[in-house]
Amino acid sequence: MGKIAPSILACDFSELAAEVDRVAAEADLLHVDVMDGHFVPNLSIGAPVVKCLRPRTDLYLDCHLMIDNPGDLLDDFAAAGADSCTVHVELGDPRPLFDRMRAHGMRVGLVLNPETPFDAVVSYLDEIDILLFMSVHPGFGGQAFLPEVLDKVRAAREIVDERKLPVELEIDGGINLETAPLAAAAGADILVAGSAIFGKPDPAQAARAIREAAWGAG
Ligand code: DX5
Ligand code: ZN
């Protein structure tokens, strides 16, 4: 059975703690989308919001950093209580960032954009806990799933299984009842979903339905 990571990007931010409570029973992680208006053409939230969430939930806080200078903010995210930070491989060699995340006791995530080839992350597989595949162009919720990304997920699944690496494969963007089974079949362990969960009247029920579509009723 895999994991569901509701993305709070799709929340009503004026009621953030209540939104988290609404989904908590069916969430394995909370996905926190951090955008700087430079790496992606949108602004969202940062470490101060993680700091406010931390005492309000026991859920794992999965921070996806869509920012030009993650190195400038890792200390803040660690201090705020992030369980992991996930950094984009498109920014260049992520190893110095990995070292700093480990030093803070955070788990280490690496993410690649839809157009970035799988080869760009292969050499880091031994050093990370989470490999995140963007299945939309990052920056906005509510976009359509890009199915060509599944080839990369399958390639990663094969290597991770063959080498028995403790890496979780996560996929982010356009996950809903139709695309969740495709992502799960390709080998994704963690499904991020924003609008397909918080866009529904009962977010917990929506998360459960996505989980069941992906992996069955368990
Ligand atoms: C996009 C973000 C996603 C976004 C997903 O840049 O990284 O996490 O919240 O939203 P949906 O599920 O609506 O595609
Ligand atoms: Zn994300």
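One-based numbering, in listed order, for ligands and for the atoms of each.
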A.B. asks: On the 0 to 90° scale, with breaks at 30° and 60°, tag the Y124-F98 ring pair as parallel, tilted or perpendicular.
C.D. replies: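 Answer is perpendicular, since the angle exceeds 60°.
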A.B. asks: Using a plain distance cutoff, I'd like to know if H64 has any nitrogen or oxygen under 3.5 Å from a nitrogen or oxygen of ligand 1.
C.D. replies: yes
A.B. asks: For atom 6 (O) of ligand 1, what is the nearest protein heavy atom, given as residue, atom name and distance?
C.D. replies: G139 N, 2.7 Å
A.B. asks: Any nitrogen or oxygen of G194 lying under 3.5 Å from a nitrogen or oxygen in ligand 1? Just yes or no.
C.D. replies: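 Yes, at least one N or O pair falls under 3.5 Å.
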A.B. asks: Taking NZ, NE, NH1 and NH2 as the nitrogens, is one of them in R211 or D28 under 4.0 Å from a carboxylate oxygen of the other?
C.D. replies: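 Yes.
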A.B. asks: Kindly confirm or rule out an N or O of G142 lying under 3.5 angstrom from an N or O of ligand 1.
C.D. replies: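 Yes: some nitrogen or oxygen of G142 is under 3.5 Å from one in ligand 1.
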A.B. asks: Closest N/O/S atom of H64 to the Zn ion (ligand 2), by atom name?
C.D. replies: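 Closest N, O or S atom of H64 to the Zn ion (ligand 2): ND1.
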A.B. asks: Examine the proximity of ligand 1 to S7 and report which part, side chain or backbone, both or neither, has a heavy atom under 4.0 Å away.
C.D. replies: side chain
A.B. asks: Only N/O/S atoms count here: what is the atom of D172 closest to the Zn ion (ligand 2) called?
C.D. replies: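 Atom name of the closest N, O or S in D172: OD2.
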A.B. asks: Can you tell whether the side chains of D129 and R102 come within less than 4.0 Å, N to carboxylate O?
C.D. replies: yes
A.B. asks: Would you check if M35 and L43 make a side-chain contact, meaning some heavy-atom pair closer than 4.5 Å?
C.D. replies: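 No, too far: nothing below the 4.5 Å cut-off.
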A.B. asks: Considering only protein heavy atoms, which is closest to atom 13 (O) of ligand 1, and at what distance to one decimal place?
C.D. replies: S195 OG, 2.5 Å
A.B. asks: Are more than 12 heavy atoms from other residues, nucleotides or ligands located less than 6.0 Å from atom CG of D58?
C.D. replies: no
A.B. asks: D83 side chain to L61 main-chain N or O, any donor-acceptor pair under 3.5 Å?
C.D. replies: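 A pair under 3.5 Å: yes.
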A.B. asks: Give a yes/no verdict on whether any heavy atom in G174 is under 4.0 Å from an atom of ligand 1.
C.D. replies: yes
A.B. asks: Tell me, which N, O or S atom in D33 is closest to the Zn ion (ligand 2)?
C.D. replies: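 The atom in question is OD1.
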A.B. asks: Should K51 and D76 count as an ion pair when the cut-off is N to O under 4.0 Å?
C.D. replies: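 Salt bridge flag = no for D76 with K51.
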A.B. asks: Can you report which non-hydrogen protein atom sits closest to atom 1 (C) of ligand 1, along with the distance?
C.D. replies: F140 O, 3.6 Å
A.B. asks: Should L9 be counted as touching ligand 1, given the test is an N or O pair under 3.5 Å?
C.D. replies: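 No - when backbone and side-chain N and O of L9 are compared with those of ligand 1, no distance drops under 3.5 Å.
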A.B. asks: If you have a sec, work out which protein heavy atom is nearest atom 3 (C) of ligand 1 and how many Å separate them, to one decimal?
C.D. replies: D172 OD1, 2.9 Å
A.B. asks: Do M106 and S84 have side chains that get closer than 4.5 Å, going by heavy atoms?
C.D. replies: no
A.B. asks: Checking the side chain of E168 only, and the main-chain atoms of L131 only, is there a donor and an acceptor separated by less than 3.5 Å?
C.D. replies: no
A.B. asks: Would one find an N or O of Q143, backbone or side chain, under 3.5 Å from an N or O of ligand 1?
C.D. replies: no
A.B. asks: I'd like to know if the side chain of S135 reaches the main chain of D172, judged simply by a donor and an acceptor atom lying under 3.5 Å from each other, with no hydrogens or angles considered.
C.D. replies: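 Yes; judged by distance alone, with no hydrogens or angles, the pair exists.
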A.B. asks: Tell me, please: is H137 in heavy-atom contact with ligand 1, that is, under 4.0 Å?
C.D. replies: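 Distance cut 4.0 Å: H137 fails for ligand 1.
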A.B. asks: I'd like to check which ligand 1 atoms, numbered from 1 as shown, lie under 4.0 Å from a non-hydrogen atom of G141.
C.D. replies: 10 (O), 13 (O)
